[in-house]
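Numbers here are sequence positions counted from 1. Note that these values count all heavy atoms, side chains included, but never hydrogens, waters or copies made by symmetry.
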Amino acid sequence: MKISDIADRNEKQTGLGLSLNDYLDLVESDLAPAISEITSLTGCKTLSFTTMRPKEGEYSPEDEVEQRLVLEADGNAALRCFTYNKGEGHHGIGRVTEGKVRPNAMKEILHMMDTWLYSRRKKAADIWNSGDGSGRWILHVRFADGRVQVQTGKTEGAFYAGIDISQFIRERLPFDGLLLFDDRLW
């Protein structure tokens with residue numbers, strides 16, 4: 001859309017010859033490629049989720065308190081879990097599993113993550129505060145060109161348009177009991 005196209009409309013206009021809504025749409029469309037580059041998973045080589053359950057809690061020695069899931073663009077997947085064992089600083093090694101994700105499922109996961117990350121960029125409230133004792137997740141995205149992006153948040157779940165992102169991903173992976181964006185084992 002060009003400014004001259006917008007100015008031809010018969011709407012309330014700013015001093016720029018545009019309606020305020022059209023002007024904001026134009027600004028957002030101009031910024032979209034830069035925002036998209038910051039949040040997009042296009043060209044992603046690996047997507048790595050680390051989920052840590054809250055430090056405070058009643059755990060038995062075999063309970064998983066940390067999971068590391070790595071998804072590669074080619075469909076290879078690996079899950080490494082750590083158990084509570086003897087408590088904080090003394091975690092044990094739990095499940096170590098590898099699997100394969102179907103190409104279509106991988107595309108769906110990356111597309112959903114793209115959409116969710118783009119919607120999340122505006123929410124300053126999502127910044128994780130390490131002092132509150134809650135669990136947390138860390139998302140590392142590595143790109144083929146060497147760039148790395150890191151996102152963090154509390155294990156309060158992740159939702160977009162009524163879809164539970166964690167459940168969406170769980171249904172497409174060959175692993176049971178994934179934490180992802182919340183700290184409940186499924």
Side chain proximity check, Gln151 to Trp137, heavy atoms < 4.5 angstrom: yes
Any side-chain heavy-atom pair of Leu173 and Leu69 under 4.5 Å: yes
Closest non-hydrogen atom pair, Arg95 against Asp176: NH1-O, 2.7 Å
Path from Met52 to Leu178 over hydrophobic side-chain contacts below 4.5 Å: no
Side-chain (Thr51) to main-chain (Leu180) donor-acceptor, under 3.5 angstrom: yes
Working for side chain to side chain contact (heavy atoms under 4.5 Å, CB included), residues Thr97 and Phe175: CA-CA 8 Å; Thr97 310; Phe175 307 116; 3.4 Å; yes
Value rounded to 0.5 Å, distance of OH in Tyr84 from CD in Glu58: 10.0 Å
Single-linkage hydrophobic cluster Phe82~Leu179, side-chain heavy atoms < 4.5 angstrom: no
Sub-4.5 Å side-chain heavy-atom contact between Val65 and His91: yes
Between CG on residue Asp164 and CD on residue Glu171, distance to nearest 0.5 Å: 9.0 Å
ILVMFWY network linking Val70 to Met106, side-chain heavy atoms under 4.5 angstrom: no
Side-chain heavy atoms of Tyr118 within contact of Met113, under 4.5 Å: no
Taking every non-hydrogen atom, the tightest pair across Pro54 and Tyr59: O-OH, 2.7 Å
Val150 vs Ile138 side-chain heavy atoms within contact, under 4.5 Å: yes
Closest heavy-atom pair and its distance - Leu47, Val141: CD1-CG2, 3.6 Å
Side chain Asn85, main chain Pro61, donor-acceptor under 3.5 Å: no
Heavy-atom side-chain proximity of Arg53 to Thr155 below 4.5 angstrom: no
Smallest separation among heavy atoms of Gln67 and Cys81, with atom names: CG-SG, 3.7 Å
Exercise: identify the closest heavy-atom pair between Lys100 and Asp74: NZ-O, 3.2 Å
ILVMFWY network linking Val101 to Phe168, side-chain heavy atoms under 4.5 angstrom: yes
Salt-bridge criterion met for Glu108 and Arg172 (N-O under 4.0 Å): yes
Salt-bridge criterion met for Lys107 and Asp114 (N-O under 4.0 Å): no
Ring centroid separation Phe181 to Phe159 under 6.0 Å: no
Residues Arg80, Glu98: salt bridge by 4.0 Å N-O rule: yes
Hydrophobic cluster membership, Leu41 vs Ile169, 4.5 Å side-chain cutoff: yes
Least distance between heavy atoms, Thr46 atom then Cys44 atom: O-SG, 3.4 Å
Close side-chain approach of Tyr160 to Ile165, heavy-atom, < 4.5 Å: yes
Flag side-chain contact, heavy atom, 4.5 Å: Leu71 against Phe49: yes
